[in-house]
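Throughout, a chain's letter reflects where its sequence line sits, starting with A, and its residues are numbered from 1.
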2 protein chains.
Amino acid sequence: MDTPWLDRPQLRAWVRLRAVLELLPGVLDAQLRRDAGLTEFEYYVLATLSETPGRTSRMTELSWGTNATLPRLSHVVTRLEGRGLVERFSCPRDRRTTHVRLTDEGWEKVRQAAPGHVATVHHHVVDTLTPEQLDQLAAIADAILARLDPTGTSAAIYTRYDE
Amino acid sequence: MDTPWLDRPQLRAWVRLRAVLELLPGVLDAQLRRDAGLTEFEYYVLATLSETPGRTSRMTELSWGTNATLPRLSHVVTRLEGRGLVERFSCPRDRRTTHVRLTDEGWEKVRQAAPGHVATVHHHVVDTLTPEQLDQLAAIADAILARLDPTGTSAAIYTRYDE
DNA sequence: ACAGCAAACTTGTCGCTACAACCATTCCCG
DNA sequence: CGGGAATGGTTGTAGCGACAAGTTTGCTGT
């Protein structure tokens, strides 16, 4: 079968990365559920909207910014809409597209949730790494993402945070 | 509230890591479902057992090796047992504990599934990184894991793959 | 020797996500 | 300008994981 197996250094890195993939999301999710009553994904939907001009975005663009499929986002927006945190309205120019706007209530929600979440990110990720490691991590994640999204469609999103 | 925000380098790294956390598991899962009819987690349960002496393990130990909670593992083992890939039997010494053994059918399953999965890991992770980056990644993941599991209970698992 | 506590699982339920199917517009182009 | 493809989004369904609760077995101290 001629399988290219993993050698020791590769296995070392992969086993640990897999553990992070498995454990870290749960920790972030648990903190936000407990302290803000939000899923981590719900939080990032709100947070992404809060950073968008007009606090409004098309569904498709929002799905890029949050790394989600459109059906997933649609369901989540439905739930958030039911809680009064966002509102939908259709675009008069192209009536296929739906716009999502963060309500004042949603804005307040994300404002309250942010400090705790950021503190968690600090504690579990940022503060454990040296500045050099942060740069290394950015480069490593970049390389992996390039394979995950070869077209680079949503890759432009990440470069927003480059200098 | 005195919130320690994220500066540019921190944000760069975090946004990218978050994208990887969101996207990579789905890709790995999709490949295994398509080619082997297994969840990524199911695969790692079988794979972990296949590397254990006697192809047998206690539930609790298995949950450490796979980074899973016990309820989750219990459900999954129930499903795998129904498919004939593993079998449960209780330990005579301590009748609280349950042993799980990989059946021959399960062994064959993991043997068939492994090449495709390893190839996917190569393609999406290992091959995109330089040897230096692999070492950096191992160190970075180690630092993060140390915070996720401060007791170091399951941390010993990872060091199996050290030289 | 037995009361209380901890360990090791199992089970039940709820909510979220993936996948597929579907519908409504708009674009393309001969 | 009309018909097929492409775009943008929603909805239905099935399955997995988190959390909480329950059960059985072993341990500990007095």
Considering residues at least two apart in sequence or located in another chain, which fulfil the salt bridge (charged side-chain N to carboxylate O under 4.0 Å, His left out) criterion with Glu22(A)?
-> Arg18(A), Arg72(B)
Is the centre of the His117(A) ring less than 6.0 Å from the centre of the Tyr44(A) ring?
-> yes
Sort and list the pairs that fulfil salt bridge (Lys or Arg N to Asp or Glu O under 4.0 Å) and have at least one residue in residues 111-132 of chain B, not counting sequence neighbours.
-> Glu108(B)-Arg111(B)
Where at least one partner belongs to residues 121-142 of chain B, residue pairs that pass ring-ring contact (aromatic ring centres under 6.0 Å, His included), sequence neighbours excluded = none
Strictly under 3.5 Å: I want the nitrogen or oxygen pairs between protein and nucleotides 1-4 of chain D, one per line.
none

Is the distance from OP1 or OP2 of dT17(C) to the nearest side-chain N or O of Arg33(B) less than 4.0 Å?
-> no
d([atom1], [X]; [atom2], [N]) in whole Å:
X        : N       : atom1 : atom2 : value
Arg93(B) : dC27(D) : CZ    : P     : 11 Å
Leu32(A) : dC19(D) : CG    : P     : 13 Å
Leu28(A) : dA18(D) : CG    : C1'   : 15 Å
Arg83(B) : dG15(D) : CZ    : C1'   : 13 Å
Leu38(B) : dC16(D) : CG    : C1'   : 14 Å

Ionic contact status for Lys109(A) with Glu42(A), cut-off 4.0 Å | no
Validation row: Pro25(A), Glu40(A) side chains within 4.5 angstrom (heavy atoms) | no
Is the shortest heavy-atom distance from the side chain of Thr39(B) to the side chain of Leu32(B) under 4.5 Å?
-> no
Residue list, side-chain contact (heavy atoms from CB on, under 4.5 Å) with Thr56(A), at least two apart or on another chain = Phe89(A), His99(A), Arg101(A)
Could you pick out which residue, Thr69(A) or Pro92(A), lies toward the 5' side of DNA chain C when each is mapped onto its nearest nucleotide?
-> Thr69(A)
With sugar-phosphate meaning primed atoms plus P, OP1 and OP2, does Arg34(A) contact a base, only sugar-phosphate, or nothing at under 4.0 Å between heavy atoms?
-> nothing
Quick one: what's the B/S/- string for nucleotides 3-13 of chain C, heavy-atom cutoff under 4.0 Å, read 5' to 3'?
-> ----BSBBBB-
